[in-house]
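Data block below; observations after.
Predicted model, so just to flag it, every value in this text is computed and none were measured.
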Amino acid sequence: MKGCFKYIIPVIVLLYSCGDSSTQTYIEKPLADTTSGEEAYVDSIKKNMKDLKSVENIREVLCQQWEHKEDKEDAAYAGSGGDGDLQLVYRGFAFFDDGTVLQNPHGELHAGSWEYDDAAKMIVIRQNKGGKEMYKINAVAADELELTKLGEPNAKRQKYIGQAMAHIQKTSDPFYPANNNWRIRPAKPETDAEIKQRAKDCLRFYLLYYNDNRVRDSSVISFIGFPTCFIWYSGGISISTAAKLEQAWVNCFYNRQQALKAHAMMEELVTKKYTWAKGQSWVVMNAKVLKQMYERF
């Protein structure tokens, strides 16, 4: 479909694939219903979320997902029919109370550790790969953060937005660093069992990401910057052919050969039959099928 942008999904409209469906394996949605309703499903996630609106401790407020305001707006513009060929920068942070951080989940991600200096009102980030960054906090609220990166010539204040909520159980947050290890290329070839685990961790990441967006009532779901072999539909999941695999997916593995092994595992998984939650939002439908796929892997 001309003009289609497959990385941003508006929740309120149907999504159509940009690819040729005749060359993709596709999970079709049967008419079967499920016994559990969407309300109960969402409530089960919400009860494990922490409301930060009334929190006064700055370090605790920082422990949530933050997206760069302008970058998020640019991504939404691209997804709503703007310049789909635009090379987007999508900055962000996910801080956690165990001292871990994931920088730029929608881009060139960096996992590491972080500290908050209350006296200097400063955030210090030490990346696992050896980099160090420092940010001056100019302003902070439960849903807004304004930072200046120190040591950068002509650095300007940058505004980040949050939703004043965080997962009580850190491992339920899709951007918890350990949930993104599958995106980091291994230093040596992996066994078939290790390749399978990497692919399974990919499934879990997307399940958590769908759940996270649903509980936040997100009007737009952005897949920008995430490596994948999947193509997302509103009420359906397809998988790219091996010939059309994105390089970002290949980069998650030691080499292309190992990436193709993982793709073949995913392709076999997609061909199985799954129960779709008829009458529920496409976000929950896809999440529930991802859960079934994960459990069968």
**OP:** Could you tell me whether Lys288 sits above the aromatic face of Tyr41, with NZ or CZ closer than 6.0 angstrom to the six-membered ring centre and within 45 degrees of the axis?
**Re:**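 Satisfied, under 6.0 Å and within 45°.
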Original post:
Does NZ or CZ of Arg204 lie under 6.0 Å from the centre of the six-membered ring of Trp182, at an angle within 45° of the ring axis?
Top reply: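 The answer is no; the distance or angle limit is not met.
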Subject >> Residue pairs passing the side chain to side chain donor-acceptor pair (under 3.5 Å) test where at least one lies in residues 252-264, sequence neighbours excluded >> reply: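 Counting only pairs at least two positions apart or across chains, the side chain to side chain donor-acceptor pair (under 3.5 Å) contacts touching residues 252-264 are Asp192-Lys261.
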Original post:
Just by distance, do the side chain of Asp173 and the backbone of His167 share a donor-acceptor pair under 3.5 Å?
Top reply: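 Flag not set: sc Asp173 to bb His167 has no pair under 3.5 Å.
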**OP:** Spell out, as yes or no, whether a donor-acceptor pair under 3.5 Å connects the side chain of Lys121 to the backbone of Asp118.
**Re:**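 Yes; judged by distance alone, with no hydrogens or angles, the pair exists.
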Centre-to-centre under 6.0 Å for [X] and [Y], is that the case here?
X	Y	value
Trp232	Phe230	yes
Trp66	Phe93	no
Tyr209	Phe226	yes

Subject >> Set of side-chain hydrogen bond (donor to acceptor under 3.5 Å, both in side chains) partners for Lys200, sequence neighbours left out >> reply: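 Not a single residue meets the side-chain hydrogen bond (donor to acceptor under 3.5 Å, both in side chains) criterion with Lys200.
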Subject >> Set of side-chain hydrogen bond (donor to acceptor under 3.5 Å, both in side chains) partners for Gln292, sequence neighbours left out >> reply: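 Checked Gln292 against side-chain hydrogen bond (donor to acceptor under 3.5 Å, both in side chains); zero matches.
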Original post:
Is there a side-chain contact between Phe297 and Leu203 (heavy atoms, below 4.5 Å)?
Top reply: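 SC-SC contact between Phe297 and Leu203 confirmed.
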Subject >> Among Ile237, Thr228, Asn211, the one residue meeting side chain to side chain contact (heavy atoms under 4.5 Å, CB included) with Tyr206 >> reply: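 Exactly one candidate clears the test, Thr228.
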